[in-house]
A.B. asks: 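I am attaching a structure below and will ask some questions about it afterwards.
Keep in mind the model is a prediction, meaning the values are calculated, not measured.
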Amino acid sequence: MITPTPINLDPVLALDTPIGGEVQFIIHRVLDGESLQYYADLYKTSTEAILAVNQDLTLPMWVGWVVVIPIDIDDPTGLPSFEAFQVRMRGLTVEALAEELLIDPTNLSTYNNVPIDYKFSPGEWILVPRE
């Protein structure tokens with residue numbers, strides 16, 4: 001009897017999962033009672049670094065907002081700010097999405113640690129660098 005092998009249908013690029021290569025980030029949906037200081041302590045970063053890497057983060061944060069959190073980074077110098085983006089279309093390539101978002105495909109590939117020919121799946125969360 002053949003036993004089917006389960007297929008992991010979860011997105012590779014998901015909320016609360018480290019994204020990136022040498023420099024990593026978490027994309028997180030804010031829950032009740034959470035604060036920038038909580039994230040800074042949890043991910044060994046600083047509140048200043050969190051504010052610096054988020055394109056449009058304003059305070060106070062609201063439950064349900066999505067925030068980008070750098071991991072083990074106190075000084076974000078040299079990093080762009082990011083926008084968290086959820087992919088909606090199947091089979092969208094890095095190059096096609098970069099063109100749609102008006103960004104460099106190499107940066108999209110690098111910060112999300114995916115090859116340039118990677119095809120995104122619906123539901124995946126990615127970092128969109130916004131210089």
A.B. asks: Is any side-chain heavy atom of V30 closer than 4.5 Å to one of Y39?
C.D. replies: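 In short, these two side chains touch, coming nearer than 4.5 Å.
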A.B. asks: Taking the side chain as C-beta and beyond, is there a heavy-atom pair between T58 and W65 under 4.5 Å?
C.D. replies: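 Yes; the side chains approach each other to less than 4.5 Å.
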A.B. asks: Would you check if the side chain of T17 reaches a backbone N or O of L13 as a donor-acceptor pair within less than 3.5 Å?
C.D. replies: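 Answer holds: no.
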A.B. asks: Between N54 (side chain) and V67 (backbone), is there a donor-acceptor pair under 3.5 Å?
C.D. replies: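 Absent.
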A.B. asks: Closest approach of P18 and I26, non-hydrogen atoms and distance?
C.D. replies: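 Taking every non-hydrogen atom into account, N-CD1, 3.5 Å.
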A.B. asks: Just to verify, what does Y118 make a ring-ring contact (aromatic ring centres under 6.0 Å, His included) with, not counting sequence neighbours?
C.D. replies: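 Y118: ring-ring contact (aromatic ring centres under 6.0 Å, His included) contacts with F120.
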A.B. asks: Hey, any chance V87 and I103 share a hydrophobic cluster, counting ILVMFWY side chains that come within less than 4.5 Å of each other, even indirectly?
C.D. replies: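 As far as the 4.5 Å side-chain criterion goes, I103 and V87 are connected within one cluster.
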A.B. asks: Distance from E99 atom CD to L108 atom CG, nearest 0.5 Å?
C.D. replies: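 So the gap between those two atoms works out to 12.5 Å.
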A.B. asks: Quick one: do L79 and L36 end up in the same hydrophobic cluster if we chain Ile, Leu, Val, Met, Phe, Trp and Tyr together by side-chain heavy atoms under 4.5 Å apart?
C.D. replies: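 As far as the 4.5 Å side-chain criterion goes, L36 and L79 are not connected within one cluster.
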A.B. asks: At their closest point, which heavy atom of P80 faces which heavy atom of R130, and how far apart are they?
C.D. replies: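 Reported closest heavy-atom pair: CB-O, 4.2 Å.
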A.B. asks: To the nearest 0.5 Å, what is the distance between CG (L101) and CD1 (I126)?
C.D. replies: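 Taking CG in L101 and CD1 in I126, the distance rounds to 6.5 Å.
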A.B. asks: Could you grab the distance from atom CG of L59 to atom CG of L51, nearest 0.5 Å is fine?
C.D. replies: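 The CG atom of L59 sits 5.5 Å away from the CG atom of L51.
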A.B. asks: Indicate yes or no for a side-chain donor-acceptor contact from S46 to the backbone of D74 under 3.5 Å, with no hydrogens or angles considered.
C.D. replies: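 Yes: the side chain of S46 pairs with the backbone of D74.
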A.B. asks: According to side chain to side chain donor-acceptor pair (under 3.5 Å), who are the partners of Q55, at least two apart in sequence or on a separate chain?
C.D. replies: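 Here the qualifying residues are S81.
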A.B. asks: Answer yes if I50 and W62 sit in the same cluster of Ile, Leu, Val, Met, Phe, Trp and Tyr residues linked by side chain heavy atoms under 4.5 Å apart, and no otherwise.
C.D. replies: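 Linked, I50 and W62 end up in one cluster.
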A.B. asks: Residues in side chain to side chain donor-acceptor pair (under 3.5 Å) with R88, at least two apart?
C.D. replies: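 So R88 forms a side chain to side chain donor-acceptor pair (under 3.5 Å) with Q86.
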A.B. asks: So, using side chain to side chain donor-acceptor pair (under 3.5 Å) as the criterion, who are the partners of D72 when residues are at least two apart?
C.D. replies: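 Partners of D72 by the side chain to side chain donor-acceptor pair (under 3.5 Å) criterion come out as none, since no residue qualifies.
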A.B. asks: Going by heavy atoms in the side chains, are V66 and I27 under 4.5 Å from each other?
C.D. replies: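 When only atoms from C-beta onward are counted, I27 and V66 do touch, with a gap below 4.5 Å.
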A.B. asks: If every non-hydrogen atom of M61 is compared with every non-hydrogen atom of L57, which pair is closest and at what distance?
C.D. replies: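 Heavy atoms only, the tightest pair is CG-CD1, 3.9 Å.
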A.B. asks: Give a yes or no on whether the backbone of L31 and the side-chain of E34 come within a donor-acceptor separation of less than 3.5 Å.
C.D. replies: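 Flag set: sc E34 to bb L31 pair under 3.5 Å.
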A.B. asks: Cluster question for you: counting only ILVMFWY and a side-chain heavy-atom cut-off of under 4.5 Å, with indirect links fine, are I69 and I73 together?
C.D. replies: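 They do not share one cluster, since no chain of ILVMFWY contacts under 4.5 Å joins I69 to I73.
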A.B. asks: Which pair of non-hydrogen atoms, one from P105 and one from I116, has the smallest distance, and what is that distance?
C.D. replies: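 Reported closest heavy-atom pair: O-CD1, 3.6 Å.
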A.B. asks: Examine distances only and state if a side-chain atom of R29 and a backbone atom of G64 form a donor-acceptor pair shorter than 3.5 Å.
C.D. replies: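 Checking the backbone N and O of G64 against the side chain of R29, a donor-acceptor pair under 3.5 Å is found.
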A.B. asks: To the nearest 0.5 angstrom, please state how far the NZ atom of K119 sits from the CG atom of L97.
C.D. replies: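 It comes to 14.0 Å.
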A.B. asks: Do any N or O atoms from the side chain of N112 and from the backbone of V114 form a donor-acceptor pair under 3.5 angstrom?
C.D. replies: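 No, the answer is negative, given that no donor and acceptor are paired below the 3.5 Å cut-off.
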A.B. asks: Considering only residues two or more places apart or on different chains, which pairs with a residue in residues 91-115 satisfy ring-ring contact (aromatic ring centres under 6.0 Å, His included)?
C.D. replies: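 Non-adjacent pairs meeting ring-ring contact (aromatic ring centres under 6.0 Å, His included): F82-Y111.
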A.B. asks: Please list, chain by chain and in numerical order, all residues satisfying ring-ring contact (aromatic ring centres under 6.0 Å, His included) with Y43, sequence neighbours excluded.
C.D. replies: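 With neighbours one apart ignored, the set is empty.
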A.B. asks: About how many Å separate OG1 of T110 and CD of E22, when rounded to the nearest 0.5 Å?
C.D. replies: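 Going from the CD atom of E22 to the OG1 atom of T110 covers 11.0 Å.
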A.B. asks: Give the cluster check for I19 versus I71: same hydrophobic cluster or not, with ILVMFWY residues linked at side-chain heavy-atom distances below 4.5 Å.
C.D. replies: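 No: no chain of side-chain contacts under 4.5 Å links I19 to I71.
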A.B. asks: Within this structure, what is the CZ-OG1 distance for the pair F25 and T45, rounded to the nearest 0.5 Å?
C.D. replies: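 OG1 of T45 is found 9.0 Å from CZ of F25.
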